[in-house]
Amino acid sequence: MHTDNKRVLELVEFDQYDVLGLIEHSASVGWDYDDNEIRTVMSSGKIFGHKNAVGKIVSSAAIIPYDTDLASIGMVIVNKEYRGLGLGKKVTQKCIDSVSKDTSIMLISTDDGKPLYENMGFITVDYVHKYLSDSYIQSKMLINLEITLEKYSENDFNEIVELDSVAFGDMRRTFLLNRILQSKQFLVVRDQKGKIIGYGLSILGPLNLILGPIVAPNPQIAALIIEGLALNHQGKLRIDVPSSNNELMLFLEKSGFVKVSEPPIMIKNSVHMPFRNKELFAIAAQVFG
């Protein structure tokens, strides 16, 4: 490759005309972002990156700001031919600079990315457990609790936002609105009084049915939601579970899931995770924190 090509790299914010280029860019490192996923990221936040002289995307990073003082960075990818030029740092910094200095910024790191993020002031505060399954095995563990599992309706939205905000650690109205539109299935759990106490949704990606976010008052109800989302799906599944959910992880392992990695959750502008009420049993996706 000519060095002059490397010199004329432009750092831009991507828009809808870049979706195809971003799909190809993510596929080059074996990531399975599709059209719907990238559009959800774009409509919930911003994606920045470098283009070379001929307009090919050679780096990317996305930032999703939530409603008050938290943002998530993801989709940090640098084309193999353009590594070692500091593009990953530049594009991550661009994301950081796009939000206020008081914003806590979280990301889920790859092994390769960890030194870069540490260098930029991120510290490891927790881990997420990535599970994959070739096919779901129905569980005999589930007991019939005194709850109802039903399909989501638009009237439930405000209640879902409230429930999600204390589980996740910040309100994320825009993101949830976009994610619901993208979802294949969305289940809500009501107690006997009709109050929503949990929810879960699934996203059909090109490789896997992704389960999450899943919010529930306890691991049994989380397992019930997972079963409801996974049961009739023919094919591979994925779920990313925050730490300290050992009981749910045990359920997943009995249901045909295998843990494939345990990437660190890193944060900047804070020394700990946002406060969570221990009811978040699965995250939406690593890009969304």
Side-chain angles (χ1 to χ4, degrees), residues 31-34 36-37 40-41 44 62 64 66 70 72 74-75 106-108 126-133 136 149 151-152 156 160-161 163-170 172 174-189 196-231 233 235-249 251-253 255-263 265 273-274 276-289:
W31 289 5
D32 59 337
Y33 281 89
D34 64 2
N36 292 331
E37 189 74 350
T40 293
V41 173
S44 307
I64 290 92
Y66 294 117
L70 182 66
S72 177
M75 216 179 162
M106 64 189 292
L107 57 82
I108 295 170
D126 203 358
Y127 292 86
V128 72
H129 305 260
K130 175 183 172 182
Y131 279 90
L132 296 176
S133 161
Y136 182 77
L149 198 59
K151 281 192 174 133
Y152 164 82
D156 303 331
I160 294 286
V161 170
L163 191 70
D164 180 79
S165 72
V166 283
F168 176 73
D170 199 347
R172 42 184 188 168
T174 305
F175 163 67
L176 284 169
L177 206 56
N178 291 325
R179 202 58 165 175
I180 290 165
L181 290 172
Q182 193 193 347
S183 65
K184 177 178 186 268
Q185 201 180 353
F186 189 168
L187 298 174
V188 295
V189 179
I196 296 177
I197 55 167
Y199 84 87
L201 53 83
S202 63
I203 301 286
L204 191 56
L207 299 181
N208 306 299
L209 183 72
I210 299 153
L211 308 179
I214 288 169
V215 171
N218 57 51
Q220 293 81 13
I221 291 177
L224 210 63
I225 295 168
I226 289 167
E227 176 122 296
L229 294 171
L231 210 48
H233 178 67
K236 296 179 189 298
L237 302 123
R238 171 177 177 168
I239 187 167
D240 291 64
V241 181
S243 284
S244 72
N245 285 318
N246 295 344
E247 200 178 324
L248 186 73
M249 292 192 232
F251 163 79
L252 289 171
E253 283 159 21
S255 307
F257 284 86
V258 175
K259 184 154 91 170
V260 292
S261 63
E262 199 176 307
I265 303 175
M273 284 287 282
R276 292 177 165 180
N277 67 356
K278 300 190 167 43
E279 294 192 357
L280 183 69
F281 285 92
I283 64 169
Q286 294 191 4
V287 62
F288 301 114

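Computed from a prediction, not measured in an experiment: that's the story for all the values here.
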Q: Return the orientation label for the Phe257 and Tyr136 ring planes: parallel under 30°, perpendicular over 60°, tilted otherwise.
A: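 Answer is perpendicular, since the angle exceeds 60°.
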Are [X] and [Y] close enough that some pair of their side-chain heavy atoms sits under 4.5 Å apart?
| X | Y | value |
| --- | --- | --- |
| Arg179 | Ile203 | yes |
| Ile214 | Ile239 | yes |
| Ile265 | Met106 | yes |

Q. Which pairs with one or both residues in residues 279-289 pass side-chain hydrogen bond (donor to acceptor under 3.5 Å, both in side chains), sequence neighbours excluded?
A.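 Passing the test, one end in residues 279-289: Asp240-Gln286.
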Q.
As a quick check of understanding, evaluate side chain to side chain contact (heavy atoms under 4.5 Å, CB included) for His129 and Ser243, giving each step before the final call.
A. CA-CA 7 Å; His129 305 260; Ser243 284; 3.1 Å; yes
Q) CG of Leu252 to CG of Leu237: how many Å apart, nearest 0.5 Å? A)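 So the CG of Leu252 and the CG of Leu237 are separated by 10.0 Å.
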Q. Between Gln185 and Tyr152, does a side chain to side chain donor-acceptor pair (under 3.5 Å) hold up when you go through it step by step?
A. CA-CA 9 Å; Gln185 201 180 353; Tyr152 164 82; over 6 Å; no
Which heavy atom of [X] sits nearest to which heavy atom of [Y], and what is that distance?
| X | Y | value |
| --- | --- | --- |
| Gly74 | Val287 | CA-CG2, 3.7 Å |
| Ser244 | Met249 | N-CE, 4.4 Å |
| Asp32 | Asn208 | OD2-ND2, 4.0 Å |
| Pro242 | Leu280 | CG-O, 3.7 Å |
| Gly198 | Ile225 | C-CD1, 4.3 Å |

Q.
For Asp164 and Tyr199: C-alpha separation, side-chain torsions, deciding distance, then whether side chain to side chain donor-acceptor pair (under 3.5 Å) applies.
A. CA-CA 9 Å; Asp164 180 79; Tyr199 84 87; 2.7 Å; yes
Q: Test ring pair (Phe, Tyr, Trp, His ring centres under 6.0 Å) on Phe168 and Tyr66 and set out the steps.
A: CA-CA 10 Å; Phe168 176 73; Tyr66 294 117; 5.1 Å; yes
(Q) Keeping Asn218 on the side-chain end and Ile221 on the backbone end, is there a donor-acceptor pair under 3.5 Å? (A) yes
Q.
If the condition is ring-ring contact (aromatic ring centres under 6.0 Å, His included), which residues does Tyr33 pass it with, not counting sequence neighbours?
A. none
Q: Decide whether Thr40 and Asn178 meet the rule of one side-chain donor and one side-chain acceptor closer than 3.5 Å.
A: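 There is no such pair (donor and acceptor under 3.5 Å, judged by atom type) between the side chains of Thr40 and Asn178.
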